[in-house]
Amino acid sequence: MRFIYLFVFLLSFSSSAQIELSNLFSNNMVLQQRSDVGIWGTAIKGKEIIITPSWSNQKFTTKVKNDGSWYQEIKTPKAGGPYSMLIICEDDTKNLENILIGEVWVASGQSNMEMTLSGSNREPVIGSLDLIAKSKNSNIRLFTVQNSSNNSPTKNLEGNWSVSSPSSAANFSAVGYSFASYLNEVLDIPIGIINSSWGGSPAEAWTDKKSLDDNFNNSEIKNNHIDNAVHHNPSGLFNGMIYPLIPFKIKGAIWYQGESNTGRASSYTKLMNTLIKGWRNQWQQGDFPFYFVQIAPNGSLGQGNGTSQAFLREAQLRTMLSVENTGMAVTLDIGSTITNHPPEKLLIGKRLAYWALAKNYGFNGLPHSGPVYESMKVKNNKVYVNFKFAKNGVTSYGKPLSGFEIAGEDKIFYSADALIDPHWSAGWENRSVLTLSNKNVPNPLYIRYGWKNYIEGALYNVEGLPASSFRSYDFD
């Protein structure tokens, strides 16, 4: 008899608990404005799902498939809220409240994206206390995806939406929060930011398997780390932490990763191009914005004079120059000699936001990139260097101009004497030009800048954005 009662209880429980939603759909969520956003979950096969959002009171219906899954797109209005959403399946009801309509971004990468506003052991985030104190903001919503690596794509997702407050912001990605906070401040609309990052992870772990299989040999992409940690497995983090987000409608993505690939910089441009294309193919939202951070100079553990990071930075620059609707926030001026986690996380978030504002939100006159090497000319033993994104010229803001090198036919590089020539004769479109020279190189042919792991970058455009490291040749 006891067994019968238990069976009846379980049967009644399973029939009444029909609707299961992805954790993305909960109280406090943000949905992308002016879009057909997908809502999905599971229920009893064959049943009807009715979704009624309060912003329109229109009923959207769909039937549960034989495998128990269901999916329905609903239209969202322009940014606003709060709203609610009623989801009904026979006698089971889910009522989601405090929903905002706004802009949704995904933040991903390794520890420099994962690092929270509160910092970590001996690693501060400059300015975080002020931002945490001001973080009580109902128009910023935060979602952190719990770490998960899987051998195959999964829809399981751990995490929840929270309203921005001192307690929630302090434990959220510092770069992600700074980016979201700045967008909210400038645009004055709700921002949802989803942090899906894992410290120490290589880019191939975040790339889908089909994209890797189509572009790399098995020997090229493998778990390259001697500890064989799960978060190093190719496609493992895509399967466990990106795939469950798809097809949640987003505006775009920000990315901060590269340190774990510095030993394999030669393949990094191809890998990042593949990752970006793969994400876009999976999301089926076209070439959505993908903005990333160039790794900061790291001189810790005695590695300052090496060059592996310079090659990785170059690989990142090549992605920006070759992939549509991408942009790169340069950090050459804010590195560290004691850690690979530079403390200027809030500045990095703002530099990413400049790209989004300029390219996606109509701020057409907003400078968003630092100088990018374009060409060089030699005259009277001097090299005159031209840059993109520096129409008003370059400056050092009073810092010593260091980190420049010059070589002749023998390809032996010498430290260059660097000056910023006012060059008024060039006109208003090129008001100051960088010149390089060295008495030991009477016939200069090659130049480079920042070609070491650690450098204190001192070259900016006049709008205050730093130049990337660069070189004018490709023979090594």
Side-chain angles (χ1 to χ4, degrees), residues 262 264-270 294-295 297 299 303-322 328 330 332-333 335 369-396 399-427 429-462 465-476:
T262 52
R264 294 168 284 127
S266 61
S267 63
Y268 193 77
T269 300
K270 181 181 177 182
Q294 190 179 53
I295 62 170
Q303 58 181 315
N305 289 324
T307 59
S308 61
Q309 294 174 36
F311 282 100
L312 196 285
R313 292 194 294 265
E314 179 184 59
Q316 292 176 306
L317 177 61
R318 287 175 174 172
T319 286
M320 186 192 86
L321 297 176
S322 63
M328 184 176 73
V330 175
L332 208 66
D333 59 330
S369 173
V372 173
Y373 171 76
E374 184 173 33
S375 63
M376 56 173 275
K377 293 181 180 179
V378 179
K379 183 178 179 181
N380 297 329
N381 301 333
K382 278 187 177 181
V383 177
Y384 292 81
V385 189
N386 296 308
F387 296 92
K388 301 176 184 177
F389 302 107
K391 73 174 185 177
N392 291 326
V394 292
T395 181
S396 69
K399 292 183 179 180
L401 283 168
S402 60
F404 298 92
E405 296 175 274
I406 191 168
E409 188 176 5
D410 59 6
K411 301 178 183 178
I412 297 175
F413 280 89
Y414 296 85
S415 179
D417 296 322
L419 295 172
I420 295 176
D421 187 341
H423 203 60
W424 296 108
S425 61
E429 291 302 308
N430 196 2
R431 293 168 60 189
S432 53
V433 172
L434 177 72
T435 66
L436 304 177
S437 62
N438 185 292
K439 63 181 181 180
N440 296 311
V441 187
N443 298 301
L445 293 176
Y446 312 109
I447 60 171
R448 63 190 183 191
Y449 168 60
W451 214 252
K452 288 184 173 61
N453 288 349
Y454 184 77
I455 174 180
E456 296 180 3
L459 186 66
Y460 301 82
N461 55 25
V462 298
L465 296 171
S468 166
S469 53
F470 65 85
R471 56 178 178 156
S472 65
Y473 59 93
D474 58 3
F475 50 72
D476 61 12

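On a predicted model such as this, the values are computed, not experimentally measured, just so you know.
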Minimum side-chain heavy-atom gap [X]-[Y] below 4.5 Å:
X	Y	result
L459	L434	yes
V433	I420	no
P297	L332	yes

Does [Y] offer a backbone N or O that forms a donor-acceptor pair with the side chain of [X] under 3.5 Å?
X	Y	value
S396	K399	yes
D417	L436	no
T269	A315	yes

### Task
For residues F389 and S369, report the shortest heavy-atom separation together with the two atoms involved.
CD1-OG, 3.5 Å
### Query
What are the two closest heavy atoms between V462 and T395, and how far apart are they?
CA-CG2, 4.1 Å
### Task
Show your working on side-chain contact (heavy atoms from CB on, under 4.5 Å) between R471 and F311 and close with a plain yes or no.
CA-CA 10 Å; R471 56 178 178 156; F311 282 100; 3.7 Å; yes
Spatial distance of atom [atom1] ([X]) from atom [atom2] ([Y]) [nearest 0.5 Å]:
X	Y	atom1	atom2	result
S308	R313	OG	CZ	9.0 Å
S437	N380	OG	CG	11.0 Å
E314	T319	CD	OG1	11.0 Å
Q316	I295	CD	CD1	5.5 Å

### Message
Does D410 have more than 12 heavy atoms from other residues, nucleotides or ligands lying within 6.0 Å of its CG?
### Response
yes
### Message
So for atom NZ, which belongs to K270, do other residues, nucleotides or ligands contribute more than 12 heavy atoms lying within a distance under 6.0 Å?
### Response
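Atom NZ in K270 is packed in, count exceeds 12.
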### Message
Distance to the ring centre below 6.0 angstrom and angle to the axis at most 45 degrees; does that hold for K379 and Y384?
### Response
no
### Worked verdict on L317 versus V372 for side-chain contact (heavy atoms from CB on, under 4.5 Å)
CA-CA 9 Å; L317 177 61; V372 173; 4.2 Å; yes
#### Entry: Donor-acceptor side-chain pairing of E456 and S402 below 3.5 angstrom
no
### Message
Quiz question: by atom type and distance under 3.5 Å, do the side chains of Y373 and N386 form a donor-acceptor pair?
### Response
no
### Task
Would you sort out whether S468 and Q294 count as a side chain to side chain donor-acceptor pair (under 3.5 Å), showing the intermediate values?
CA-CA 8 Å; S468 166; Q294 190 179 53; 2.9 Å; yes
Using residues 440-451 as the side-chain source, report each donor-acceptor pair under 3.5 Å to any protein atom, sequence neighbours left out, with the distance given to one decimal.
from, atom 1, to, atom 2, distance (Å)
N440, ND2, N438, OD1, 3.3
R448, NE, E405, OE1, 2.9
R448, NH1, Y473, OH, 2.9
R448, NH2, E405, OE2, 3.3
Y449, OH, A458, N, 3.2

### Task
Output all residues satisfying side-chain hydrogen bond (donor to acceptor under 3.5 Å, both in side chains) with E374, sequence neighbours left out; order by chain, then residue number.
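For E374 there are no side-chain hydrogen bond (donor to acceptor under 3.5 Å, both in side chains) partners, ignoring immediate neighbours.
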### Message
Is the distance between the ring centroids of Y414 and F404 under 6.0 Å?
### Response
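No, the ring of F404 stays outside the 6.0 Å limit from the ring of Y414, centre to centre.
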### Task
Go through D333 and Y460 one step at a time and tell me if the side chain to side chain donor-acceptor pair (under 3.5 Å) criterion holds.
CA-CA 9 Å; D333 59 330; Y460 301 82; 3.1 Å; yes
